[in-house]
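Both counts, for ligands and for their atoms, begin at 1 and track the order of listing. If you're wondering where the values come from, they're calculated on a predicted model, not measured in any experiment.
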Amino acid sequence: MKRTRFAPSPTGLLHLGNVYSALTCEQWAKEHDTQLLLRVEDIDFTRCKPTHTEQLQHDLAWLGIHFHAVSFQQQRLALYEKVLQQLIDMEVLYPCFCTRKQVDAALHAQSESKLNTLHQRLDVYPGTCKLLAMQQRQQKMLEQTYAWRLNAAVVSEMIGQYCVWYDTQGVAQNFKVLDIGDVIIGRKDIRFSYHLCVVVDDAIQGISHVIRGEDLRSSTPVHRVLQLLLGYDSPAYLHHKLITNQEGTRLAKSKASPTLKSLRDSGVTAKQIRQSLGF
Ligand code: GLU
């Protein structure tokens, strides 16, 4: 059985951008005889609120979207911990003690440097903590909090320099493993990164097709690499367009973006919402 999911993060009320994504998942599932799951990505306890989780379930039911099952990332913390440990044991992660400020300063210095080469991307962590001597690293681990970063160079040697993910049309999308950079897999604050949890969930939930916004396209190579390291099957991916307002600002980013709740409260029907978004 084919299976897809809608995976909102309850950091606020659903707006039309989220609704467009949910309806795209629903339509795709219907057209492809696929089960649709709701996965509430509530891992970030600093930003997610139970009231938002309740409201989003209410909103989606009001819209008339039927989900085969509902799950919550908060209920899988032990599993994420196990997988994070597995990656640490594989020696594909290293602890990073840098603050956001330090990372920004290092990136800035790198971009100014004459040594900067074409394949050094500005958003890629320059690897400061990767270069720490073992003793220094161990000492810092006792004294400071830290994140776990993927050692892209080590991974590239392990799984090969080039990698591929497939879109829902079966078209291969090639990428260079080094280009994903030393992304954070274990966070300093909430322990698990979005990437880790999504990859684990897609695997254990048997997700065969991931339908999500274009904004997450750059995450797909990271997910593919984690799947390879962990021996998971890889879903096929479709990245749908993002809804913008008249000024061209993404609804997710626009403060003025109407929420589904406010539209409903002003008397707009679910049918009108669906129609206005082209469904
Ligand atoms: N929770 C993510 C978001 O709301 C989506 C995750 C995904 O579809 O992979 O942006």
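- The closest approach between any non-hydrogen atom of H223 and ligand 1 is not below 4.0 Å.
- Sorted by first then second residue, the salt bridge (Lys or Arg N to Asp or Glu O under 4.0 Å) pairs that include residues 10-33, not counting sequence neighbours, are E26-K30, E26-R274.
- The distance from ligand 1 to the heavy atoms of Y194 drops below 4.0 Å at these ligand atoms: 6 (C), 7 (C), 9 (O).
- Paired with L23 under the rule side-chain contact (heavy atoms from CB on, under 4.5 Å), one option of L16, I65, N18 passes, and it is I65.
- Proximity of a side-chain donor or acceptor of R39 to a complementary backbone N or O of Q73 within less than 3.5 Å is not detected.
- Nearest protein neighbour of atom 10 (O) of ligand 1, counting heavy atoms only, is L216 CD1, 4.1 Å.
- Atom numbering of ligand 1 starts at 1 in the shown order; those under 4.0 Å from a heavy atom of R212 are 7 (C), 8 (O), 9 (O).
- In this structure, R5 does not pair ionically with D201, as no charged nitrogen and carboxylate oxygen lie closer than 4.0 Å.
- The protein atom (non-hydrogen) at minimum distance from atom 8 (O) of ligand 1 is R5 NH1, 2.8 Å.
- In this pair, W148 and Y146 present their aromatic rings perpendicular. The plane angle is above 60°, beyond the 30 to 60° band.
- For atom 3 (C) of ligand 1, the nearest non-hydrogen atom of the protein is S9 OG, 3.7 Å.
- Residue pairs that meet the salt bridge (Lys or Arg N to Asp or Glu O under 4.0 Å) test with at least one member in residues 261-272, sequence neighbours left out, are D59-R264, K261-D265.
- Looking only at distances, a side-chain donor or acceptor of Q102 sits under 3.5 Å from a matching main-chain atom of T99.
- Of all protein heavy atoms, the one lying nearest to atom 6 (C) of ligand 1 is E41 OE1, 3.2 Å.
- For atom 5 (C) of ligand 1, the closest non-hydrogen atom of the protein is A7 O, 3.3 Å.
- Ligand 1 is never approached by F6 to a heavy-atom distance shorter than 4.0 Å.
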